[in-house]
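To find a chain, count down the sequence lines: A is the first, B the second, and so on, and within it residues start at 1. All values below come from the heavy atoms of this structure, side chains included, with hydrogens, waters and symmetry mates left out.
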Protein chains: 2
Amino acid sequence: MTATAQAEYKAQAGIIKALAHPTRLFIVDELSRGERCVCELTDMIGVEMPTVSRHLSQLKSVGILEDEKRGSQVFYRLRVPCVLNFFKCIKAVQSNGK
Amino acid sequence: MTATAQAEYKAQAGIIKALAHPTRLFIVDELSRGERCVCELTDMIGVEMPTVSRHLSQLKSVGILEDEKRGSQVFYRLRVPCVLNFFKCIKAVQSNGK
DNA sequence: TGCACACTTAGCTAATTCGCTAAGTCTTGC
DNA sequence: GCAAGACTTAGCGAATTAGCTAAGTGTGCA
């Protein structure tokens, strides 16, 4: 494996790592049904707002989400919907493979 | 989020987490071109065989890979090819989103 | 039988991650 | 302007992860 290939896999892994957490998967799933503000997501998930905010910023920093501030609230939405395809493949892994 | 939904997201995250590492992504990519034994993969990747073996067993334990012992060698192959679609979506995230 | 090879398991340390609380920024309404 | 609300940033301890080396298991060949 060359150094550049290594760097490429590392960048790709960074994006996947952003998805590799139950709360962040929930967020992506929920945002597939439309934008949500941080407070709405915080209500749905059982953790403190700072924790939710950091999960959101992780997903945003790799380019999966985008945010928009309106008034005192910040709304997040999916920037790259194809990540939703992951759920289908995960189901295939969980069943018998395909 | 209900307790069962939470458990479901956790199980899904476990599968994604197995992919969230540069070496394991390389392995999946390489196995898309056919089965390989542990020693072949070890030669390609720049780490010790025990480390490669553990990466492989992680991917196997979540159901992404399967292995077959032939003689003194162990060959691994992709059990769920749809994980290869992840690479396409990652590229979309890296470019401008889609 | 015994040795070499292919691989896995175990045990260790260093580094990363996740949750929390506390504190800071910014907007809105009084 | 000030207080309250929405959010982010920072700093902490607990838990997980990734690499290594050493040791264990199993196969094949002399």
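The CD-P distance, from E68(A) to dC26(C), rounds to 18 Å in whole Å. In this structure, R70(A) atom CZ and dT28(C) atom C1' are separated by 16 Å, rounded to whole Å. Between the P atom of dC7(C) and the CD1 atom of I27(B) lies a distance of 13 Å, rounded to the nearest Å. In this structure, CD of E40(B) is placed 17 Å from P of dC5(C), rounded to the nearest angstrom. What separates CZ of R36(B) from C1' of dC7(C) is a distance of 18 Å, to the nearest Å. dT28(C) atom C1' lies 11 Å from atom CD of Q73(A), rounded to whole Å. Atom NE2 of H21(A) is separated from atom P of dC18(C) by 5 Å (rounded to the nearest Å). If you measure from atom NZ of K69(A) to atom C1' of dT27(C), you get 7 Å, rounded to the nearest angstrom.
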List, with names and distances, any nitrogen or oxygen atoms from the protein found under 3.5 Å away from nitrogen or oxygen atoms belonging to nucleotides 8-14 of chain D.
unit_1: dT8(D); atom_1: OP1; unit_2: Y76(A); atom_2: OH; d: 2.7
unit_1: dT8(D); atom_1: OP2; unit_2: S53(A); atom_2: OG; d: 2.4
unit_1: dT8(D); atom_1: O5'; unit_2: S53(A); atom_2: OG; d: 3.2

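Taking CD from Q73(B) and CG from D67(B), the interatomic distance works out to 13.0 Å, rounded to the nearest 0.5 Å.
The stretch residues 1-13 of chain A has no heavy atom under 4.0 Å from DNA chain D, so no residue of it qualifies as close.
Applying side-chain contact (heavy atoms from CB on, under 4.5 Å) to L78(A) and the options L59(A), L31(A), D29(A) leaves one that passes, L31(A).
Checking the phosphate oxygens (OP1, OP2) of dA18(D), a side-chain nitrogen or oxygen of Q58(B) falls inside 4.0 Å. The phosphate of dT17(D) (OP1 or OP2) has no side-chain N or O of H55(B) nearer than 4.0 angstrom. Contact annotation: R24(B) side-chain N/O to dA18(D) OP1/OP2 distance is under 4.0 Å.
Note on E66(A) versus R77(A): salt bridge recorded, some NZ/NE/NH1/NH2 to OD/OE distance being below 4.0 Å.
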Which pairs would a plain distance check flag for residues 38-56 of chain B, meaning a side-chain donor or acceptor within less than 3.5 Å of a matching protein atom at least two apart in sequence or in another chain?
unit_1: E40(B); atom_1: OE1; unit_2: C37(B); atom_2: N; d: 2.9
unit_1: T42(B); atom_1: OG1; unit_2: V38(B); atom_2: O; d: 2.8
unit_1: H55(B); atom_1: ND1; unit_2: R24(B); atom_2: NH1; d: 3.0

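Note on K17(A): only backbone sugar-phosphate atoms sit closer than 4.0 angstrom, heavy atoms only; bases stay farther off.
Under the rule for a ring-ring contact (aromatic ring centres under 6.0 Å, His included), the partners of Y9(A) that lie at least two apart in sequence or sit in another chain are F26(B). Applying the side chain to side chain donor-acceptor pair (under 3.5 Å) criterion to K10(A), with sequence neighbours excluded, gives no partner residue.
Residues Q94(A) and Q12(B) meet the side-chain proximity criterion, which asks for heavy atoms closer than 4.5 Å. Using a 4.5 Å heavy-atom threshold, the side chains of N85(A) and N85(B) count as separate.
Residue C39(B) has its side chain nearest to dC7(C) when only dC7(C), dG26(D), dC20(C) are considered.
Sorted by first and then second residue, the ring-ring contact (aromatic ring centres under 6.0 Å, His included) pairs with a member in residues 68-90 of chain B read F86(A)-F86(B); sequence neighbours excluded.
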